[in-house]
Amino acid sequence: DYISFNELYEEYIKISNELGLEKIDRSSVYKNLRKIENIFGEFIESKIISKGKNGVNKVAKLIVDNENLKKVYDILKEEI
């Protein structure tokens, strides 16, 4: 299932509050999401949805199976 950036940001705020973490602003989260998409592009499917007069909305979903999870783990292991 696709999730909108707004839904993702709201979840980020919720988790940050629960963990007592300092939150970053919406534009910084969006920039970080773009970086994640660049690194894990083959595991994230995103598209722009037109909302007519209300503008556009970017939505994304993870493309995850056991093989892809192993690839993500390997990439993270190398990067960290």
Colleague: In the structure I gave you, are the side-chain heavy atoms of Ile75 and Phe43 within less than 4.5 Å of one another anywhere?
Modeller: yes

Colleague: Under a single-linkage definition using a 4.5 Å side-chain heavy-atom cutoff for Ile, Leu, Val, Met, Phe, Trp and Tyr, are Ile36 and Val29 assigned to the same hydrophobic cluster?
Modeller: no

Colleague: Would you indicate whether the side-chain heavy atoms of Ile13 and Asn17 approach each other to under 4.5 Å?
Modeller: yes

Colleague: Would you indicate whether Asn66, at its atom CG, is surrounded by more than 12 heavy atoms from other residues, nucleotides or ligands within a distance under 6.0 Å?
Modeller: no

Colleague: Quick one: do Ile15 and Tyr12 end up in the same hydrophobic cluster if we chain Ile, Leu, Val, Met, Phe, Trp and Tyr together by side-chain heavy atoms under 4.5 Å apart?
Modeller: no

Colleague: State which residues pass salt bridge (Lys or Arg N to Asp or Glu O under 4.0 Å) with Lys23; sequence neighbours excluded, sorted by chain then number.
Modeller: none

Colleague: Under 4.0 Å between a Lys/Arg side-chain N and an Asp/Glu carboxylate O for Glu67 and Lys70?
Modeller: no

Colleague: Would you indicate whether the side-chain heavy atoms of Val59 and Ile48 approach each other to under 4.5 Å?
Modeller: no

Colleague: Working to the nearest 0.5 Å, report the span between CG of Leu33 and CZ of Phe5.
Modeller: 6.5 Å

Colleague: Counting C-beta onward and ignoring hydrogens, is there a side-chain heavy-atom pair between Lys31 and Arg34 closer than 4.5 Å?
Modeller: no

Colleague: Under 4.5 Å between side-chain heavy atoms, counting indirect links through other Ile/Leu/Val/Met/Phe/Trp/Tyr residues: same cluster for Ile49 and Val56 or not?
Modeller: no

Colleague: Are Ser46 and Glu37 close enough, and set up right, to give a side chain to side chain donor-acceptor pair (under 3.5 Å), and what steps lead you there?
Modeller: CA-CA 9 Å; Ser46 62; Glu37 284 180 304; 3.1 Å; yes

Colleague: Can you list everything that forms a salt bridge (Lys or Arg N to Asp or Glu O under 4.0 Å) with Glu10? Sequence neighbours excluded, please.
Modeller: none

Colleague: Could you verify whether a donor N or O on one side chain and an acceptor N or O on the other, from Asn6 and Ser4, lie under 3.5 Å apart?
Modeller: no

Colleague: Compute both the distance and the angle, then confirm whether Lys61 meets the cation-pi test with Tyr2: under 6.0 Å from the six-membered ring centre, within 45 degrees of the axis.
Modeller: yes

Colleague: With the side chain counted from C-beta on, respond yes when Ile63 and Ile44 share a heavy-atom pair under 4.5 Å apart, and no when they do not.
Modeller: no

